[in-house]
Amino acid sequence: MTVRTRFAPSPTGYLHIGGVRTALFNWLLARQSGGQFILRIDDTDTERNIDSALQPILDGFKWLGIDWDEGPEVGGIHQPYFQSQRLSCYQAATQRLLESGKAYRDYATPQEVAQEREAAEREKRDFVYSRRWMAETEETCQKFEAEGRSFVVRLKMPREGTCNIEDLVRGEVSFDWDREQDHVIQRADGTCLYHLANVVDDHDFEITHVIRAVEHLSNTPRQIFIAESLGYQLPSYAHIPFVAEPGSKNKLSKRKIEQYMKNHDFKKLFDHGVAIANRIDLEVVPSSFNPVLVDFYRDIGFLPDAIVNYLLLVGWSLDDKTEDFSRQQMTDLFSLDRVVKSEASFDPEKLLVFQQRYMNELPLKQKVVRCLPFLQRAGLVGPSIECEMGPYLSSIIDAADDRITVAGDILQFDDFFIPDEKLQYDSKAFQKRLVKPENAGYLLDLFKGELAQQDDFKADPLNALLHHFCESQGIKIGQIIHGLRVAVTGKAAGFGMFETLEILGRERCIHRIERALEHLHGAAE
RNA sequence: GGCCCCUUCGUCUAGUGGUCUAGGACUCCGGCCUUUCACGCCGGCAACACGGGUUCGAGUCCCGUAGGGGUCACCA
C-alpha cells in the first residue's frame, strides 16, 4: 500500500507557519516511502475570490520546496481537488447515510435547537438533542414540510459505547459516544459541512494517513462514525501538537501579532524585517508582513531550507543531538513515532540561528544572487547589472561574511553603493570618533596623504601601511581606525577596515576622507 | 462546565525502571580573540509541576491533584 497524505488549506490568502509544519510532516511521510502528497482546497465555506486567496498559499509551498503530486495546478486522477466543486460527491454520500439510517432529516429551526441547548445548560446537564423534529419516514417529512419547515441533515450518532482511536502519535484515545452530538452534515440549501466533506474526500483521494494538528482530535469520533457508516476503510490518524506562541502554549495565531510584540525575540525578528522592508518599499501590513506567515520570510530574504529545517524540529527530533537535516536526510529519517506530544512554542531566535547557518554555508555566488534583488529594489543598483558590478558585489558579500543573515541584510552595506557626495554620517558615530577626539582630523588628513601614495591598494598592504603610520605617530591604532571607518562608510560598525578600503578603492577613499574632513570643519565652526 | 489531550533547564528537546549527582542545542552570564560589529573558542547558571502508591530501585509504571491547551457551530 502506498502512503498517501494530504494537506487541506482553506484559501485565506496567507500561509501560516504552523500550517507549513503540518504540511511538512505530511509531505515527509509521503516522500520517504515513494507515496503521494496531495493538496486539497477546503473552500466549502468561502465565497471570496478563490484564485487570489489561493495563489499566495501555492506560491508559499513552491517557495519552500514542498511540492504536491495531486491538487491545484497539477491536477490528478481524483480531481477536482476543490471542495466547492465536489458537492455532488457529498450529496451522494449524504443520501447513502440517509438510506442506511445513519443520518436523518431534521426539521428543527436553529432557534429550537438553541432553546434545547439553553435548557440543558440551565439544568446543568449535558446537551443532547431530543430528535423531536427528526423525520425518518416520508410521512413525517411531509408533516413538517406542511408546517413550512425545511430540513438539514444530521448524523444519527450512537448513544452508547466508546470510540477508540489508535493514534500514531498519542497511542490509544477513547471517547464516549454519548457525548457526541447529532452533527449537521448538510445545510437546508443542500450544501455540506466540513466533516462530511473531509471524510468523503479523504476516502475518494485514497488518503492512508491523516496527519493534522491536535485540535482535530476531538472531532475524530464523528469522522470515524461517518467513515464507518459509509463503509470506508479508516485511515491511520496522527494528531500532532500545534505550534504555540512564543513563550506560551496557546496556538500561534496570525491575529495576535500585537501581543507577540511584547515578546523580545519576536519583536526583534519583526524589527529586523521592518528595517529591510522600509528600504525596499514593502508595505508593512499584518496581513502579509507578519512573522507568523511565510511571506514575511520570503520578503526579507530567508532561505527556504532554513525554515523547513527549523520547522522540522518543532515537534520532532531524531535523537539528542542532531539538528541539521538536508531534505534527503529528513525524508529518510522522519518518523511519526518520534513526534512529540506536547505543543511547542515558536522560537524566533532559534529560527534565526538556522537561517544564519544555512546562509553561511551558501556558496558566494548564491549569496550574490539572493542579495542583488534587494539592492535593486532599494534603488542602489540598476535593474540591469553591469559586468563590473558582479565582482564588486561579490567582494562586498565575501567581506561581509556572516554579517549577512538574511539576504536583505545586504542593505546594511549600502554605503558601498552610494555616491561619495551622498554618503550620510551616523551623527553619533561622527561625533564620537571625529568631532570629539582632538587630533582626529589631523591624523586623518595625514593618513589620507599616505593613502594617496599607496599603489598596492589591497587589504594586507593597507593594514601594514596603517600600522606603520601609527608607529610613526606614536599612537594606537584605535585612535584613528574608528574615525577612518566613519569617514569612509559613515557608520560606526562594519566588516574589516582594510577590506573596506580595498573594495572602495583609492580614489573613493580619499574623496570620502576629504569630504568627511570638510564636514568636520563645518561642524567645528 | 462536560469530554479529550498535554506537563524535563527561559525555549526546542534527549531520556521507554538502575549507565540520570538528568545529556544536547538556542538564549543568558563570565572569559579569550579583536580596529568596530559579527563570527569563533573556553567556561558557567539553569529543569524531571505536586502528592501518593508499585518496586530493592521511578524522570521513566499506576492513581490522584494542580496547571496549561483543545473541543463541544447549519466555521474550517
Side-chain angles (χ1 to χ4, degrees), chain A residues 8-10 12 42-46 83 106 108-110 113-114 117 120-121 124-127 150-154 165 167 169-170 173-176 178-181 183-189 191-195 197-198 213-222 239 241-242 244 246-251 264-265 310 313-323 338 340-354 356 360 400-405 412 429 433 463 466-467 470 476-486 489 491-498 500:
Chain A
S10 323
T12 52
D42 268 10
D43 55 354
T44 51
D45 197 50
T46 44
Q83 293 195 318
D106 182 53
T109 62
V113 177
R117 185 170 280 125
E121 223 165 277
K124 297 211 190 289
R125 38 163 246 267
D126 296 327
F127 166 69
S150 55
F151 70 89
V152 297
V153 177
R154 281 182 188 276
I165 301 166
D167 191 282
V169 170
R170 273 144 225 286
V173 181
S174 49
F175 294 86
D176 290 335
D178 65 4
R179 306 277 166 192
E180 286 291 319
Q181 301 298 325
H183 300 101
V184 174
I185 54 172
Q186 191 181 86
R187 298 187 182 93
D189 64 4
T191 59
C192 101
L193 266 359
Y194 172 71
H195 294 289
N198 191 51
V214 250
E215 64 246 43
H216 292 282
L217 183 55
S218 311
N219 300 150
T220 309
R222 82 187 66 159
H239 289 94
F242 52 73
S248 111
K249 294 297 181 192
N250 294 322
K251 193 167 124 185
H264 174 265
D265 295 342
Y310 169 72
L313 262 13
V314 358
W316 182 84
S317 70
L318 176 70
D319 54 29
D320 60 343
K321 32 184 79 78
T322 317
E323 283 204 327
R338 289 202 59 86
V340 154
K341 292 189 182 79
S342 54
E343 50 290 273
S345 346
F346 171 66
D347 183 350
E349 200 64 35
K350 188 110 181 184
L351 170 58
L352 233 20
V353 169
F354 277 96
Q356 206 155 24
N360 287 158
D401 198 37
D402 55 22
R403 291 167 186 80
I404 294 176
T405 301
Q412 288 170 17
R433 300 302 190 184
N463 190 339
L466 185 65
H467 277 88
C470 289
K476 286 187 178 173
I477 194 164
Q479 288 174 258
I480 179 168
I481 202 163
H482 302 295
L484 179 59
R485 182 184 296 282
V486 175
T489 69
K491 299 187 172 81
F495 50 76
M497 187 71 259
F498 306 106
T500 302

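These values consider heavy atoms only, across backbone and side chains, with no hydrogens, waters or symmetry-generated copies. Lettering follows sequence order; numbering is per chain, from 1.
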Measure all distances between protein nitrogen or oxygen atoms and nitrogen or oxygen atoms of nucleotides 58-69 of chain B, and list the pairs falling under 3.5 Å.
from, atom 1, to, atom 2, distance (Å)
B:G69, OP1, A:Asn250, OD1, 2.8

So what does A:Ser174 touch, heavy atoms closer than 4.0 Å: a base, only the sugar-phosphate, or nothing? sugar-phosphate

Residue matched to B:C75 through Watson-Crick or wobble contacts both under 3.5 angstrom: none

Side chain of A:Ser342: nearest nucleotide among B:C6, B:U71, B:G15? B:C6

Same-atom distance (C1') from B:C9 to B:C29, integer angstrom: 15 Å

With a non-hydrogen cut-off below 4.0 angstrom, is A:Val340 in contact with a base, only sugar-phosphate, or nothing? sugar-phosphate

Length of the CD-P vector between A:Gln83 and B:A76, whole Å: 9 Å

Rounded interatomic separation in angstrom, taking CD1 from A:Ile165 and C1' from B:G70: 13 Å

G-U wobble or Watson-Crick pairing nucleotide for B:C3 (cut-off 3.5 Å, both distances): B:G70

Do nucleotides 30-43 of chain B as a string where each nucleotide becomes B, S or -: B if the base has a protein heavy atom under 4.0 Å, S if just the sugar-phosphate does, - if no protein is that close. -----BBBBS----

Kindly give the atom pairs (protein nitrogen or oxygen, nucleotide nitrogen or oxygen) under 3.5 Å for nucleotides 22-24 of chain B.
from, atom 1, to, atom 2, distance (Å)
B:G23, N2, A:Asp320, O, 3.4

Under 4.0 angstrom between A:Arg117 side-chain N/O and B:A73 OP1 or OP2: yes

Just call it for A:His216: base, sugar-phosphate, or nothing, with non-hydrogen atoms closer than 4.0 Å on any strand. base

NA contact type, A:Ala120, heavy-atom cut-off 4.0 Å: base, sugar-phosphate, or nothing? nothing

Return the pairing partner of B:C32 with a 3.5 Å limit on both distances, Watson-Crick or G-U wobble; otherwise return none. B:G40

With both distances under 3.5 angstrom, what nucleotide forms a Watson-Crick or G-U wobble pair with B:G64? B:C50

Taking OP1 and OP2 of B:A14, is either one under 4.0 Å from a side-chain nitrogen or oxygen of A:Ser317? yes

Please determine whether a side-chain nitrogen or oxygen atom of A:Arg338 lies at a distance below 4.0 Å from atom OP1 or OP2 of B:G15. yes

Whole angstroms only, please: what is the NZ-P distance between A:Lys124 and B:G2? 11 Å

Contact class for A:Val152 (heavy atom, under 4.0 Å): base, sugar-phosphate, or nothing? base

Students often get this wrong, so: under 4.0 angstrom with heavy atoms, is A:His195 touching a base, only sugar-phosphate, or nothing? base

Could you give the NE2-to-P distance, from A:His183 to B:C72, as a whole number of Å? 7 Å

Nucleotide paired to B:U21 in any strand shown, Watson-Crick or G-U, under 3.5 Å: none

What is the separation between atom CZ on A:Arg179 and atom C1' on B:C5, rounded to the nearest whole Å? 16 Å

Using a 4.0 Å heavy-atom cut-off across all strands, classify A:Tyr194 as base, sugar-phosphate, or nothing. base

